[in-house]
Amino acid sequence: MNNFTFYSPTYFVFGRGTENEAGKYVSRFGGTKVLIHYGGGSVKKSGLLDRVKTSLDGAGIDYVELGGVMPNPRSGLVYEGIDLCRQEKVDFILAVGGGSTIDSSKAIAAGVLYDGDFWDYYSTDLQVTEALPVGTILTIAAAGSEGSQGSVITHEDGMLKRSTNSDAIRPVFSILNPELTFTLPPEQTANGVADIMAHVFERYFTNTKEVEVTDRLCEAILLTMIKESPKVMENPSDYGARANIMWAGMVAHNNLCGVGRDQDWSSHDMEHELSALYDVAHGAGLAVMFPAWMKYVMKHDINRFAQIAVRVWGCHMDYQNPEVTALEGIKKLEEFWRSLGLPITFAELGAKEEDIPFMVKNIGLKEGESMGSFVPLYNEDLEKIYRLAL
Ligand code: NZQ
Ligand code: ZN
């Protein structure tokens, strides 16, 4: 196991009706003037936004609001949010929505306290060191941004989708009420499942040895997703299943199961090019990219792929030929994602073969540079993996 530090200071408030405590927690974390940030309208339709405002009113907290965050959130609204916060002397950002709204909130929170262009944090090595506090009220189990140090924004100029990571933008509190996810359309539920599982895979496929505890945590999350996901596809109001998935989504990405081990993340970077170019949902893009990446790299450590096939997918170990077991595990993953209605191929996403060179170029690896850690990938590898996903 590698040396590590782990700092996960978010205060989690989990369960039914907890959104009604938003005012109390904003106050506890020092907010006096709040920006309520939200997406395209689901929080208005469900009545959640009104309940949040009532809670803030009850705590005597003043607020302004900014809606309109799109999935794959854009820089334009971030600039707007930064201006609004400065004008209104906002000292706390409350994200009400999914990963896109939370990521946009984190970008605004960092941008308000920075003299330069917030995009510097996403396009260079510059680290966010200070940001306004962000609280979240989560409405979809997926990106894990409610507990993560990440934020992903797409800049309209060039449609570049880039991320930044810093403990300074981890939410100070996150309210997780599984009931809020009952209204999710089935495809959004499924996209979330794929993203949660992908966050585990990015950590599971590692070259670091003696990481039994995090291996087992990863496997527990995957087994939970396999058991609970069909239940919510069948019955979107299954509270128990929604609750398990919601917490799995947080644990999968606050890095509890990733500490002390090298992580890969090349499938995520390849997916970000798909969602930047075609504006597809991140989870759907991952469902296409991950099996292709797995097939391409599995020979590097066939035993690790056989291990997950046996422990998670219940495959029988073929000791003479572990590759058979490994491939069976990948097939089970594809079948599982398909059973949830997720796409598995480029064509199902509406992605085109002729765009592959453009996506590879946009990832931006220079000559001789690689990405990923399980197997370092060069431009020619990226091209082959995209083609495997056709
Ligand atoms: O905008 P509204 O109207 O709210 O609709 C949203 C949106 O259309 C809808 N939705 C959310 N909750 C709902 C609901 N509809 C009905 N009922 C509800 N309860 O679902 C759609 C998707 O929402 P979005 O916020 O985009 O989903 P998600 O949480 O999957 O976030 C995706 C973004 O997160 C980034 C992705 O790249 C993508 O941009 N990621 C962020 C990470 C992080 N910050 O740590 C890590 C991830 O790997 C990921 O890259
Ligand atoms: Zn993801």
Side-chain angles (χ1 to χ4, degrees), residues 10 19 37-49 67-75 77-78 95-107 109-110 122 134 136-154 159 161-167 169-171 174 176-203 232 236-237 242 245-246 249-250 252-255 258 263-276 279-287 289-290:
T10 308
E19 67 275 18
H37 200 31
Y38 55 91
S42 73
V43 300
K44 280 190 173 166
K45 209 167 139 198
S46 66
L48 172 60
L49 189 61
V69 181
M70 298 160 77
N72 303 317
R74 307 293 150 80
S75 53
L77 199 68
V78 174
V96 187
S100 296
T101 294
I102 300 172
D103 285 2
S104 184
S105 300
K106 289 174 173 176
Y122 293 77
V134 175
T136 86
I137 300 174
L138 186 66
T139 62
I140 174 172
S145 190
E146 67 277 12
S148 84
Q149 53 167 212
S151 162
V152 192
I153 300 290
T154 301
M159 294 310 276
K161 188 172 184 181
R162 297 288 180 265
S163 58
T164 193
N165 285 284
S166 164
D167 282 330
I169 53 170
R170 282 203 200 244
S174 282
L176 275 56
N177 174 0
E179 289 172 320
L180 300 180
T181 64
F182 289 177
T183 53
L184 279 167
E187 70 272 18
Q188 294 297 356
T189 297
N191 292 337
V193 170
D195 196 15
I196 293 168
M197 294 175 75
H199 292 162
V200 174
F201 294 143
E202 297 285 16
R203 295 171 165 99
V232 297
S237 305
R242 288 283 193 193
I245 291 173
M246 198 169 219
M250 201 299 291
H253 198 45
N254 82 330
N255 213 24
Q263 304 181 14
D264 191 80
W265 295 100
S266 28
S267 300
H268 262 71
D269 286 343
M270 281 187 280
E271 189 295 313
H272 285 167
E273 295 310 319
L274 283 173
S275 44
D279 207 11
V280 294
H282 171 62
L286 286 167
M289 287 320 305
F290 241 110

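The residues of the chain are indexed from 1 along the displayed sequence. Atoms within a ligand are numbered from 1 in the order they appear, just like the ligands themselves. Because only heavy atoms are used, hydrogens play no part in the values below, and waters and symmetry mates are left out as well, while side chains stay in.
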Quiz item: In this structure, which one of Val152, Ile153, Val78 forms a side chain to side chain contact (heavy atoms under 4.5 Å, CB included) with Tyr122?
Solution: Ile153

Practice problem: Could you please tell me which protein N, O or S atoms lie under 2.8 Å from the Zn ion (ligand 2)? | Solution: Asp195 OD1, His199 NE2, His268 NE2, His282 NE2

Quiz prompt | Arg162 and Glu273: CA distance, side-chain angles, deciding distance, salt bridge (Lys or Arg N to Asp or Glu O under 4.0 Å) verdict | solution = CA-CA 9 Å; Arg162 297 288 180 265; Glu273 295 310 319; 3.4 Å; yes

Could you list each N/O atom of ligand 1 together with any protein N/O atom closer than 3.5 Å, one pair per line with the distance?
{"from": "ligand 1", "atom 1": "1 (O)", "to": "Gly40", "atom 2": "N", "distance (Å)": "2.7"}
{"from": "ligand 1", "atom 1": "3 (O)", "to": "Gly40", "atom 2": "N", "distance (Å)": "3.3"}
{"from": "ligand 1", "atom 1": "3 (O)", "to": "Gly41", "atom 2": "N", "distance (Å)": "3.1"}
{"from": "ligand 1", "atom 1": "3 (O)", "to": "Ser42", "atom 2": "N", "distance (Å)": "2.9"}
{"from": "ligand 1", "atom 1": "4 (O)", "to": "Ser42", "atom 2": "OG", "distance (Å)": "2.7"}
{"from": "ligand 1", "atom 1": "12 (N)", "to": "Thr139", "atom 2": "O", "distance (Å)": "3.3"}
{"from": "ligand 1", "atom 1": "12 (N)", "to": "Thr139", "atom 2": "OG1", "distance (Å)": "2.8"}
{"from": "ligand 1", "atom 1": "17 (N)", "to": "Thr183", "atom 2": "OG1", "distance (Å)": "2.7"}
{"from": "ligand 1", "atom 1": "19 (N)", "to": "Thr139", "atom 2": "O", "distance (Å)": "3.0"}
{"from": "ligand 1", "atom 1": "19 (N)", "to": "Leu180", "atom 2": "O", "distance (Å)": "2.9"}
{"from": "ligand 1", "atom 1": "19 (N)", "to": "Thr183", "atom 2": "OG1", "distance (Å)": "3.2"}
{"from": "ligand 1", "atom 1": "25 (O)", "to": "Gly99", "atom 2": "N", "distance (Å)": "3.2"}
{"from": "ligand 1", "atom 1": "25 (O)", "to": "Ser100", "atom 2": "N", "distance (Å)": "3.0"}
{"from": "ligand 1", "atom 1": "25 (O)", "to": "Ser100", "atom 2": "OG", "distance (Å)": "3.4"}
{"from": "ligand 1", "atom 1": "26 (O)", "to": "Ser100", "atom 2": "OG", "distance (Å)": "2.5"}
{"from": "ligand 1", "atom 1": "29 (O)", "to": "Gly99", "atom 2": "N", "distance (Å)": "2.7"}
{"from": "ligand 1", "atom 1": "31 (O)", "to": "Ser100", "atom 2": "N", "distance (Å)": "3.4"}
{"from": "ligand 1", "atom 1": "37 (O)", "to": "Lys161", "atom 2": "NZ", "distance (Å)": "2.8"}
{"from": "ligand 1", "atom 1": "39 (O)", "to": "Lys161", "atom 2": "NZ", "distance (Å)": "3.4"}
{"from": "ligand 1", "atom 1": "44 (N)", "to": "Asp103", "atom 2": "OD1", "distance (Å)": "2.7"}
{"from": "ligand 1", "atom 1": "44 (N)", "to": "Asp103", "atom 2": "OD2", "distance (Å)": "3.2"}
{"from": "ligand 1", "atom 1": "44 (N)", "to": "Ser145", "atom 2": "OG", "distance (Å)": "3.1"}
{"from": "ligand 1", "atom 1": "44 (N)", "to": "Gly150", "atom 2": "O", "distance (Å)": "3.0"}
{"from": "ligand 1", "atom 1": "45 (O)", "to": "Ser148", "atom 2": "OG", "distance (Å)": "2.7"}
{"from": "ligand 1", "atom 1": "45 (O)", "to": "His253", "atom 2": "NE2", "distance (Å)": "3.1"}
{"from": "ligand 1", "atom 1": "48 (O)", "to": "His199", "atom 2": "NE2", "distance (Å)": "2.7"}
{"from": "ligand 1", "atom 1": "48 (O)", "to": "His268", "atom 2": "NE2", "distance (Å)": "2.9"}
{"from": "ligand 1", "atom 1": "48 (O)", "to": "His282", "atom 2": "NE2", "distance (Å)": "3.1"}
{"from": "ligand 1", "atom 1": "50 (O)", "to": "His272", "atom 2": "NE2", "distance (Å)": "3.2"}
{"from": "ligand 1", "atom 1": "50 (O)", "to": "His282", "atom 2": "NE2", "distance (Å)": "3.3"}

Quiz item: Hey, what do you get for CG (Leu286) to CD (Glu202), rounding to the nearest 0.5 Å?
Solution: 7.5 Å

Quiz item: Rounded to the nearest 0.5 Å, how far does CH2 of Trp265 lie from CZ of Arg203?
Solution: 4.5 Å

Practice problem: Please identify each residue that fulfils salt bridge (Lys or Arg N to Asp or Glu O under 4.0 Å) with Arg170, with sequence neighbours left out. | Solution: Asp167

Quiz item: For Gln149 and Asn255, does a side-chain donor sit closer than 3.5 Å to a side-chain acceptor?
Solution: no

Exercise. Just grab all the salt bridge (charged side-chain N to carboxylate O under 4.0 Å, His left out) pairs involving residues 176-190, residues at least two apart or on different chains.
Key: Arg16-Glu179

Quiz item: With side chains defined as the heavy atoms from C-beta onward, is the minimum distance between Val193 and Gln188 less than 4.5 Å?
Solution: no

Exercise. Describe, in one word, how the ring planes of His253 and His199 are oriented to each other, choosing from parallel (under 30°), tilted (30 to 60°) and perpendicular (over 60°).
Key: parallel

